[in-house]
Amino acid sequence: MARYFEKMLEDYRLTTAEILYHLPDHPHILQSYIWQELDLAPKFPVLHKFLTFWERELEGKLHSVTVAHVGIISPAEMRHRDAEFYIH
């Protein structure tokens, strides 16, 4: 969980991709796959790594990929407060 938070501070964004691919046994039929991960816009290296894996290892030929992303948190939203609390 800490690494997830660190990535968000490094400007990783929640990225969702809808991947349309041809079914191997019925290439005229398209199937949808939803992929979601933290990634860096605009180059999306994590998504590109996944798509490279897909093309190399899976049978369904890619048709199209639609990408959406949103920043969850940014460093500007982190504020330190001038207070200290002690719990006994």
Side-chain angles (χ1 to χ4, degrees):
M1 187 67 167
R3 182 68 188 134
Y4 185 81
F5 182 72
E6 289 172 11
K7 280 186 162 188
M8 287 188 290
L9 291 177
E10 295 169 2
D11 206 26
Y12 277 76
R13 297 163 184 246
L14 183 62
T15 303
T16 304
E18 179 184 26
I19 302 166
L20 291 179
Y21 65 95
H22 298 272
L23 289 177
D25 294 337
H26 305 282
H28 59 284
I29 298 176
L30 292 176
Q31 178 75 30
S32 176
Y33 178 82
I34 302 297
W35 175 91
Q36 193 170 58
E37 187 64 62
L38 289 179
D39 208 349
L40 285 168
K43 294 189 177 184
F44 302 106
V46 179
L47 176 57
H48 279 283
K49 183 178 177 182
F50 176 75
L51 293 174
T52 299
F53 164 80
W54 183 298
E55 290 179 324
R56 185 181 66 241
E57 301 293 332
L58 301 179
E59 291 182 29
K61 183 180 176 188
L62 295 176
H63 176 271
S64 61
V65 178
T66 305
V67 179
H69 63 91
V70 63
I72 298 174
I73 191 170
S74 68
E77 294 178 43
M78 296 296 297
R79 298 185 190 122
H80 295 280
R81 298 292 179 195
D82 295 328
E84 204 170 310
F85 298 96
Y86 294 95
I87 299 175
H88 299 289

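Sequential numbering from 1 along the given sequence is applied to the chain's residues.
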Inset, instruction - Indicate if Leu30 and Val67 have the same hydrophobic cluster label, given that clusters are the connected sets of ILVMFWY residues with side-chain heavy-atom separations under 4.5 angstrom. - result: no
Inset, instruction - Say whether Leu58 and Val65 are linked into one hydrophobic cluster, either directly or through other cluster members, by side-chain heavy-atom distances under 4.5 angstrom. - result: yes
Inset, instruction - State which residues pass side chain to side chain donor-acceptor pair (under 3.5 Å) with Glu55; sequence neighbours excluded, sorted by chain then number. - result: none
Do you know the tightest heavy-atom contact between [X] and [Y]?
X     : Y     : result
Pro24 : Gly60 : CG-N, 3.8 Å
Asp39 : Leu47 : OD2-N, 2.8 Å
Pro45 : Leu40 : CD-O, 3.5 Å
Thr16 : Ile34 : CG2-CG2, 3.9 Å

Legend entry - Atom CD of Glu57: over 12 foreign heavy atoms under 6.0 Å: yes
To the nearest 0.5 Å, tell me how far [X] [atom1] sits from [Y] [atom2].
X     : Y     : atom1 : atom2 : answer
Ser32 : Tyr21 : OG    : OH    : 8.0 Å
Leu62 : Tyr33 : CG    : OH    : 12.0 Å
Trp54 : Ile19 : CH2   : CD1   : 5.5 Å

Inset, instruction - Mind checking side-chain contact (heavy atoms from CB on, under 4.5 Å) for His48 and listing every partner two or more places apart, or none if nothing turns up? - result: Phe44
Inset, instruction - Just jot down the side-chain contact (heavy atoms from CB on, under 4.5 Å) partners of Lys7, sequence neighbours excluded, or say none. - result: Arg3, Tyr12, Leu38
Legend entry - salt bridge (Lys or Arg N to Asp or Glu O under 4.0 Å) contacts touching residues 13-29 (sequence neighbours left out): Asp11-Arg13
Legend entry - N/O donor-acceptor pair under 3.5 Å between His69 side chain and Thr15 backbone: no
